[in-house]
Protein chains: 2
Amino acid sequence: MKRTRFADWNCSVARVTDLLGDWWTPLILRDAMRGITRFDEFHESLSLGRNTLTQRLERLVEEGMMERRQYHERPPRYEYLLTEKGRDFFPVIAAMMRWGDRWLADGDPPLRLRHMTCGKVTTPTVVCSVCGEPLILGSVHRA
Amino acid sequence: MKRTRFADWNCSVARVTDLLGDWWTPLILRDAMRGITRFDEFHESLSLGRNTLTQRLERLVEEGMMERRQYHERPPRYEYLLTEKGRDFFPVIAAMMRWGDRWLADGDPPLRLRHMTCGKVTTPTVVCSVCGEPLILGSVHRA
DNA sequence: CCTGGTCAGTTCATCAAACGAACTCACTTG
DNA sequence: CAAGTGAGTTCGTTTGATGAACTGACCAGG
């Protein structure tokens with residue numbers, strides 16, 4: 001029995017989950033956002049099966065979130081770089097970090113972020129694009 | 001062989017992924033945020049196996065993201081309500097929607113959100129908590 | 001030349017967990 | 001009584017992760 005697919009659901013969350021709702025893909029993306037590009041680096045960082053890593057990287061390339069760039073000719077060697085589409089997933093990762101820091105951290109969060117523009121230690125905050133107020137559950141409804 | 005666990009990783013994204021990075025949990029949370037509370041409603045909405053739904057709801061209760069509230073005594077009947085911890089996951093879902101709307105939608109996004117405070121159709125935006133500028137990959141680094 | 005190391009996969013056997021159907025139990029309703 | 005509802009539980013099958021090993025194409029050094 002094939003795993004349930006959500007790609008055709010008329011719902012963004014379902015479609016995102018279909019693409020990225022597995023154990024490894026968010027972590028691969030996080031690593032890619034940290035600058036990791038090569039198969040071995042991903043493998044070392046995450047310690048997942050090589051077949052699983054291969055498959056996930058392929059999927060991310062297929063979906064246009066990563067591209068392969070050849071960095072060595074013989075033998076052909078590729079690195080995996082985030083596309084715009086892949087980089088644009090950063091706010092999701094940031095929101096996850098925010099939630100995890102608040103609710104799953106034992107003490108200090110594992111990692112603090114500094115916003116380079118204002119120089120301050122920052123907390124990713126999801127806000128309304130129009131008025132800038134933080135969006136919380138209950139403050140939005142279907143348009 | 002037991003699935004790799006990330007709960008002890010010193011990394012928020014990994015911990016969040018350990019808890020929520022499975023196929024169904026984000027969708028269950030989305031449905032809960034839409035107001036669904038009962039076992040049958042979840043089951044109907046998502047069409048997943050009843051055992052899988054049971055297990056996921058249990059996990060969410062264990063993790064303190066949902067609580068069971070008895071709404072009928074004989075036989076005992078429970079509904080599943082989001083806690084503060086569960087509601088605070090909304091920005092992650094919103095960020096996923098934002099990304100999905102932009103990159104996975106064929107035409108119009110399936111769902112537009114209206115922000116009740118300002119009354120406008122809104123786009124969830126992840127910003128710096130200090131200066132309010134949108135956070136994109138590359139604009140933050142480790143503090 | 002050979003050997004060993006590196007890199008990026010590929011293969012394979014095993015097992016956990018999803019899947020989907022059916023079942024179970026305790027009620028309620030007609 | 002039978003049928004329906006709701007919330008699980010059980011069970012057999014299949015999928016896909018896991019972890020180890022293998023493979024092939026190089027390169028470097030002896």
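Numbers restart at 1 for each chain; the letters A, B, ... are given by sequence-line order, proteins then strands. Quick note: numbers below take in every heavy atom, side chains included, and nothing from hydrogens, waters or symmetry partners.
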**Study point:** Short side-chain N/O contact from R77(A) to OP1 or OP2 of dG9(C), under 4.0 Å
**Key:**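 It does not, given that no N or O in the side chain of R77(A) lies less than 4.0 Å from OP1 or OP2 of dG9(C).
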**Study point:** W24(B) side-chain N/O to dC19(C) phosphate OP1/OP2 under 4.0 Å
**Key:**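 Answer is yes, contact under 4.0 Å.
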Any donor-acceptor pair, under 3.5 Å, between the side chain of [X] and the base of [N], if you only look at N and O atoms?
X      : N       : value
D40(B) : dT5(D)  : no
N51(A) : dG19(D) : yes
R38(B) : dA7(D)  : no

[X] has an atom [atom1]; how far is it from atom [atom2] of [N], in whole Å?
X      : N       : atom1 : atom2 : answer
R50(A) : dG24(D) : CZ    : C1'   : 13 Å
R59(A) : dG16(D) : CZ    : P     : 11 Å
E58(B) : dG8(D)  : CD    : P     : 8 Å
L27(A) : dA17(D) : CG    : C1'   : 14 Å

Indicate yes or no: does [X] engage [Y] in a salt bridge with an N to O separation below 4.0 Å.
X      : Y      : value
R38(A) : E41(A) : no
D22(A) : R56(A) : yes
R15(A) : D18(A) : no
D40(A) : R77(A) : no

Exercise for review: Applying side chain to side chain donor-acceptor pair (under 3.5 Å), run through Y80(A) and R68(A) and close with a yes or a no.
Suggested key: CA-CA 5 Å; Y80(A) 294 84; R68(A) 287 157 50 109; 3.1 Å; yes
Please enumerate all protein N or O atoms sitting under 3.5 Å from an N or O of nucleotides 28-30 of chain C, with distances to 0.1 Å.
none

Practice item. Give Y71(A) one of three labels, base, sugar-phosphate or nothing, depending on what nucleic acid heavy atoms sit under 4.0 Å from its own. Key: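 Sugar-phosphate contact only.
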Review point. Which of parallel (below 30°), tilted (30 to 60°) and perpendicular (above 60°) describes W99(B) and W103(B)?
Key: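 Plane angle between 30° and 60°, so tilted.
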